[in-house]
Asker: 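Quick one: structure below, then a few questions.
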Amino acid sequence: MTHDAVFMDREGAVATIHLNRPAKRNALNMDMWRRLMETVDTAEKDPAVKVIVVTGEGGAFAAGADIDEFGKTFTDPKAAGVAAETTYSSQKRLYRASKPTIAKIRGACVGGGCGIALCCDLRFADTTARFGITPAKLGLFYTLSDTKRLVDAVGPSHAKDILYTGRILTAPEAHTIGLINRLTQPEHLDAVVADYAAEVCAASQFSVRATKGVVQDILDGAADDGPENLKRFADAFSGEDFKEGHAAFTEKRKANFPFT
């Protein structure tokens with residue numbers, strides 16, 4: 001096992017990014033934010049990777065900011081500005097990844113940890129997971145981009161409830177309000193994530209990434225297609241993925257899509 005605070009391994013087409021400070025419940029410091037950004041970039045650039053999973057080592061996903069560093073950094077306005085920009089850029093890199101992303105969550109998923117999970121397309125958790133975003137307990141507030149990701153996931157009323165109180169949510173409550181997509185028993189979480197990732201890997205990567213892009217356009221405020229998107233839609237009918245998908249359908253077999 002590496003001692004790096006953030007590291008990545010790959011099994012087949014699935015890259016897993018590990019938050020790796022288990023003794024601190026993966027509390028996030030600036031080095032981890034920088035390493036997360038770099039590691040996402042590595043996974044994005046690797047042509048063998050189709051799905052990116054983010055998880056925490058030990059019994060937690062991430063328990064929020066490293067309080068020791070937090071107090072020192074944010075008492076210096078210049079350092080606070082650098083830290084805020086680093087956190088923003090790291091989350092944006094994950095959120096804007098072109099490949100599908102899944103947060104695999106056990107234990108504490110609080111503050112910046114919940115922010116990382118919300119940057120992923122999907123969140124799968126086991127029953128040990130606990131969720132919270134706690135700026136109201138610290139006299140702070142979340143940025144627009146952080147808050148929007150929460151609102152997009154759970155809606156404005158649930159987002160206000162979470163942020164106004166800073167309370168901790170159990171996994172079943174998080175599942176009920178849509179903060180997580182799948183809830184499993186602890187012994188099944190790895191298999192559920194692996195099976196789902198394999199299903200995504202078997203699909204047309206052209207379709208998956210194009211769909212992710214369209215959904216992101218909608219989340220960014222688009223309400224109608226422009227000429228470029230309509231052309232891309234029309235061009236897909238002459239693409240290699242559609243040729244294989246159509247052939248597989250007519251031949252009643254499983255599609256073997258070209259790797260893109």
Asker: Are I17 and V53 side-chain neighbours, meaning at least one heavy-atom pair lies under 4.5 Å?
Answerer: no
Asker: Hey, what do you get for CG (D126) to CD1 (I105), rounding to the nearest 0.5 Å?
Answerer: 9.5 Å
Asker: Hey, does the side chain of N26 reach the backbone of F61 with a donor-acceptor pair shorter than 3.5 angstrom?
Answerer: yes
Asker: Assess the side chains of H18 and D9: does a donor N or O sit below 3.5 Å from an acceptor N or O?
Answerer: yes
Asker: Is there a donor-acceptor pair closer than 3.5 Å between any side-chain N or O of S204 and the backbone N or O of D241?
Answerer: no
Asker: Take E44 and S98 through the side-chain hydrogen bond (donor to acceptor under 3.5 Å, both in side chains) test and state the conclusion after the steps.
Answerer: CA-CA 7 Å; E44 276 274 88; S98 65; 3.1 Å; yes
Asker: Is I180 reachable from L150 through a run of hydrophobic residues whose side-chain heavy atoms are each under 4.5 Å from the next?
Answerer: yes
Asker: Using atom types as modelled and distance alone, determine if a side-chain donor or acceptor of T42 lies under 3.5 Å from a backbone N or O of E38.
Answerer: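 Yes.
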Asker: Judged by atom type as modelled, is there a donor-acceptor pair below 3.5 Å linking the side chain of E244 to the main-chain atoms of N256?
Answerer: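 At least one qualifying donor-acceptor pair exists.
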Asker: At what distance, to the nearest 0.5 angstrom, does CG of L122 lie from CD1 of I102?
Answerer: 6.0 Å
Asker: Quick one: which residue pairs count as a salt bridge (Lys or Arg N to Asp or Glu O under 4.0 Å) with a foot in residues 168-185, not counting sequence neighbours?
Answerer: R167-E173
Asker: State whether the side chain of S238 and the backbone N or O of D235 hold a donor-acceptor pair below 3.5 Å, judged by distance alone.
Answerer: yes
Asker: How close do G107 and T128 get, counting heavy atoms only, and between which atoms?
Answerer: N-OG1, 3.1 Å
Asker: If we only count heavy atoms from C-beta on, is the L28 to I116 side-chain gap below 4.5 Å?
Answerer: yes
Asker: Using side-chain heavy atoms (C-beta onward) and a distance below 4.5 Å, is T39 in contact with F7?
Answerer: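 T39 vs F7: side chains apart.
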Asker: So do E11 and T16 actually touch side chain to side chain, heavy atoms under 4.5 Å?
Answerer: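 Contact flag for T16/E11 side chains = no.
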Asker: Under 30°, 30 to 60°, or over 60°: which ring-plane class applies to H246 and F242, parallel, tilted or perpendicular?
Answerer: tilted
Asker: Donor-acceptor pair, R123 side chain versus C120 backbone, under 3.5 Å?
Answerer: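 Flag set: sc R123 to bb C120 pair under 3.5 Å.
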Asker: Under 6.0 Å from the six-membered ring centre of Y95 and within 45° of its axis: does the NZ or CZ of R149 meet both?
Answerer: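 Flagged: R149 positioned over aromatic ring of Y95.
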Asker: Output all residues satisfying salt bridge (charged side-chain N to carboxylate O under 4.0 Å, His left out) with K243, sequence neighbours left out; order by chain, then residue number.
Answerer: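 E240.
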Asker: Under 4.5 Å between side-chain heavy atoms, hopping through other hydrophobics if needed: is there a path connecting L163 to F131?
Answerer: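 Yes, because L163 and F131 connect within a single hydrophobic cluster, where side-chain heavy atoms sit under 4.5 Å apart.
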Asker: Check whether any side-chain heavy atom of P100 lies under 4.5 Å from a side-chain heavy atom of I52, and answer yes or no.
Answerer: no
Asker: Side-chain heavy atoms nearer than 4.5 Å, only ILVMFWY residues, links allowed to pass through others: does that put M30 and V110 together?
Answerer: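 No, it is not one cluster - the side chains of M30 and V110 are not joined through contacts under 4.5 Å.
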Asker: Give a yes or no on this: more than 12 heavy atoms of other residues, nucleotides or ligands lie within 6.0 Å of atom CD of E251.
Answerer: yes
Asker: Is the shortest heavy-atom distance from the side chain of N29 to the side chain of R21 under 4.5 Å?
Answerer: yes
Asker: Verify the neighbour count for atom CD of E228: are there more than 12 heavy atoms of other residues, nucleotides or ligands below 6.0 Å?
Answerer: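 Count not over threshold, so no.
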Asker: Hey, is the main chain of T101 close enough, under 3.5 Å, to the side chain of D121 for a donor-acceptor pair?
Answerer: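 Checked: pair present.
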Asker: Looking at side-chain heavy atoms only, is the closest gap between K99 and V51 below 4.5 Å?
Answerer: no
Asker: With the 4.5 Å side-chain cut-off for hydrophobic clustering, are V6 and W33 part of the same group?
Answerer: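 Yes, because V6 and W33 connect within a single hydrophobic cluster, where side-chain heavy atoms sit under 4.5 Å apart.
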Asker: From the options I133, V154, T147, select the one residue that forms a side-chain contact (heavy atoms from CB on, under 4.5 Å) with L118.
Answerer: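 Single side-chain contact (heavy atoms from CB on, under 4.5 Å) partner of L118 among I133, V154, T147: I133.
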Asker: For the residue pair Q91 and T87, confirm or rule out a side-chain donor-acceptor distance under 3.5 Å.
Answerer: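 Distance-only check fails for Q91 and T87.
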Asker: Donor-acceptor pair, R10 side chain versus G12 backbone, under 3.5 Å?
Answerer: yes
Asker: Under a 4.5 Å cut-off applied to non-hydrogen side-chain atoms, are L36 and R93 in contact?
Answerer: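 L36 does not reach R93 side chain to side chain.
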Asker: Nearest 0.5 Å, what's the SG-CZ distance between C119 and R96?
Answerer: 10.0 Å
Asker: Between K92 and D146, is there a salt bridge with N-O shorter than 4.0 Å?
Answerer: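 No salt bridge links D146 with K92.
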Asker: Does R25 have more than 12 heavy atoms from other residues, nucleotides or ligands lying within 6.0 Å of its CZ?
Answerer: no
Asker: Answer yes or no: are there more than 12 heavy-atom neighbours, outside D225 itself, under 6.0 Å from its atom CG?
Answerer: yes
